[in-house]
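On a predicted model such as this, the values are computed, not experimentally measured, just so you know. When a ligand or atom number is given, it counts from 1 through the structure's own listing order.
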Amino acid sequence: MITLGIETSCDETACGVVRNGRVLSNVVSSSVHLHASYGGVVPEIASRYHIEYINAVVKKALRNSRLGFKNLDLIAVTNGPGLCGSLLVGISFAKALSLALSVPILGINHLRAHLFANFIEKNNKNMPRFPFIGLVISGGHTNIFLFKDINDFKVLGNTQDDAVGEAFDKVAKMLKLGYPGGPIIEKSAKRSLHTEIISFPKTYLNKDSLDFSFSGIKTAVLYYIKNKKLTKKMISKISYSFQESVFDVIIEKVLRACEKYKINTVVIGGGVACNKRFHEKIKRAFLSRKISIFIPKVTYCLDNGAMVASLGESLFKKGYSSRMDMSCATDLGSLA
Ligand code: KG4
Ligand code: ZN
């Protein structure tokens with residue numbers, strides 16, 4: 001079975017081709033450079049970029065897979081959550097393909113695709129096992145899920161304000177480091193001596209809560225830098241301290257979820273999961289607990305079409321497909 005996956009939820013125009021679980025191609029064209037001077041994604045610029053590039057990206061993905069349109073068995077497309085104008089470009093393109101080629105279409109939830117990126121290029125022996133705790137840490141979301149099966153899940157925690165990636169991006173903007181903030185903060189933090197740490201607030205909300213809030217730490221950074229002339233050394237110290245506090249909170253919440261639901265597999269996805277310091281910290285925290293941690297390789301952590309095709313193929317094989325009147329979805333609901 002051959003599936004084409006289209007992803008246009010934010011600032012990446014992406015397309016991947018998957019054959020029976022194997023990625024044949026994965027092409028990503030990002031408009032990130034066009035948003036850099038604004039310190040965040042400008043939705044109208046992102047949609048216009050998708051319109052301009054989607055044709056070329058899909059064609060390149062097919063060319064790289066050495067296949068043609070006539071070989072496709074399924075069109076999978078991200079249908080939410082994301083920027084509506086951006087999503088609509090991918091959805092409309094996918095619908096046109098589906099109609100023209102007479103192949104089924106399947107709308108894919110972006111957050112679930114991030115998690116199921118952990119199943120790419122895995123076999124029965126080394127893939128994550130259900131039930132698992134899913135953690136999505138991206139530019140738009142911070143979520144904890146309990147997955148009992150591919151389409152049987154519950155949202156355990158959500159962000160109350162800023163998403164974790166958004167907090168990285170905003171702090172980077174305050175420190176005048178550039179955009180996207182995550183990789184730059186990580187690099188700046190590495191330069192810090194790690195001996196001295198600023199105690200930025202760690203917001204756990206109440207004792208049992210699996211929700212997140214990052215607006216407090218963001219404001220704390222803002223107050224900390226107010227009226228200070230920042231040196232490179234100070235910026236590194238702030239980056240390191242911010243990163244440590246944020247990751248401590250996330251790891252603690254994942255631990256709580258594992259304990260509460262007695263789960264020993266954690267599956268992580270989203271752009272922030274690229275962060276090497278996060279890998280170090282979470283692996284160390286879980287070392288003595290016999291809990292397996294899964295994080296995709298960088299290509300599959302960031303927005304991409306292969307993860308959409310891959311989850312689409314697995315769901316289709318279980319009997320799921322979407323109707324032609326499918327549109328942008330804002331919820332996390334199961335497929336019917
Ligand atoms: O998953 P993603 O590509 O797009 C969304 O679905 O939002 O995530 C993008 C986010 C951005 O906020 C970016 O700053 C963050 O992921 N990010 C990182 C790193 N690389 C990307 N955050 C922390 N450390 C990184 N190395
Ligand atoms: Zn994403």
* Write the atom name of the N, O or S atom in Asp303 that is nearest the Zn ion (ligand 2). =>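 Looking at Asp303, the N, O or S atom with the least distance to the Zn ion (ligand 2) is OD1.
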* Asked: Just wondering, more than 12 heavy atoms not from Tyr38 lying within 6.0 Å of its OH?
  ->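 Incorrect, the count does not exceed 12.
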* To do: Kindly check if the number of other-residue, nucleotide or ligand heavy atoms within 6.0 Å of CZ (Arg48) is above 12?
  =>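 Not buried by this count: 12 neighbours or fewer within 6.0 Å.
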Look only at interatomic distance and state if [X] has a nitrogen or oxygen under 3.5 Å from any nitrogen or oxygen of ligand 1.
X      : result
Asp303 : yes
Gly271 : yes
Gly165 : yes

Distance to 0.1 Å, residue and atom name: give those for the protein heavy atom nearest to [atom].
atom                    : value
atom 26 (N) of ligand 1 : Glu186 OE1, 2.8 Å
atom 6 (O) of ligand 1  : His110 NE2, 3.1 Å
atom 24 (N) of ligand 1 : Asn275 ND2, 3.0 Å
atom 23 (C) of ligand 1 : Gly182 CA, 3.4 Å
atom 7 (O) of ligand 1  : Gly139 N, 2.8 Å
atom 13 (C) of ligand 1 : Asp169 OD1, 3.8 Å

* Asked: Can we call the ring centroids of Phe294 and Phe119 under 6.0 Å apart?
  ->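 No; Phe119 has its ring centre 6.0 Å or more from that of Phe294.
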* Is the distance between the ring centroids of Tyr320 and Phe316 under 6.0 Å? ->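 For Tyr320 and Phe316, the ring centres are not under 6.0 Å apart.
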* Using a strict cut-off of 4.0 Å, indicate which atoms of ligand 1 neighbour a heavy atom of Pro180. =>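 Reading through ligand 1 atom by atom, the close ones are 14 (O).
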* **Numbered atoms and elements of ligand 1 in range of Gly140, under 4.0 angstrom, heavy atoms** =>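 Contacts of ligand 1 toward Gly140, numbered from 1: 7 (O).
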* For ligand 1, the portion of His114 having any non-hydrogen atom under 4.0 Å away ->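 Within the 4.0 Å criterion, His114 contacts ligand 1 through side-chain atoms alone.
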* Cys10 near ligand 1, heavy-atom distance under 4.0 Å? ->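 Contact absent.
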Can you find a pair of side-chain heavy atoms, one from [X] and one from [Y], that are under 4.5 Å apart?
X      : Y      : value
Lys233 : Lys237 : no
Thr78  : Thr8   : no
Phe116 : Phe147 : yes
Ile133 : Leu146 : yes

* Please determine if the Zn ion (ligand 2) has an N/O/S atom from His114 lying under 2.8 Å away. =>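 For His114, the answer is yes, given that an N, O or S atom comes within less than 2.8 Å of the Zn ion (ligand 2).
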* Can you tell me if His110 has an N, O or S atom under 2.8 Å away from the Zn ion (ligand 2)? ->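 His110 does place an N, O or S atom closer than 2.8 Å to the Zn ion (ligand 2).
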* Does the side chain of Ser31 come under 3.5 Å of the side chain of Asp11 through a donor N or O and an acceptor N or O? ->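 No, because no side-chain N or O of Ser31 sits under 3.5 Å from a partner of the opposite role on Asp11.
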* To do: Please determine if Lys283 forms a cation-pi arrangement with Phe286, meaning its NZ or CZ atom is less than 6.0 Å from the six-membered ring centre and no more than 45° off the ring axis.
  =>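 No; the conditions do not both hold, so Lys283 does not lie above the ring face of Phe286.
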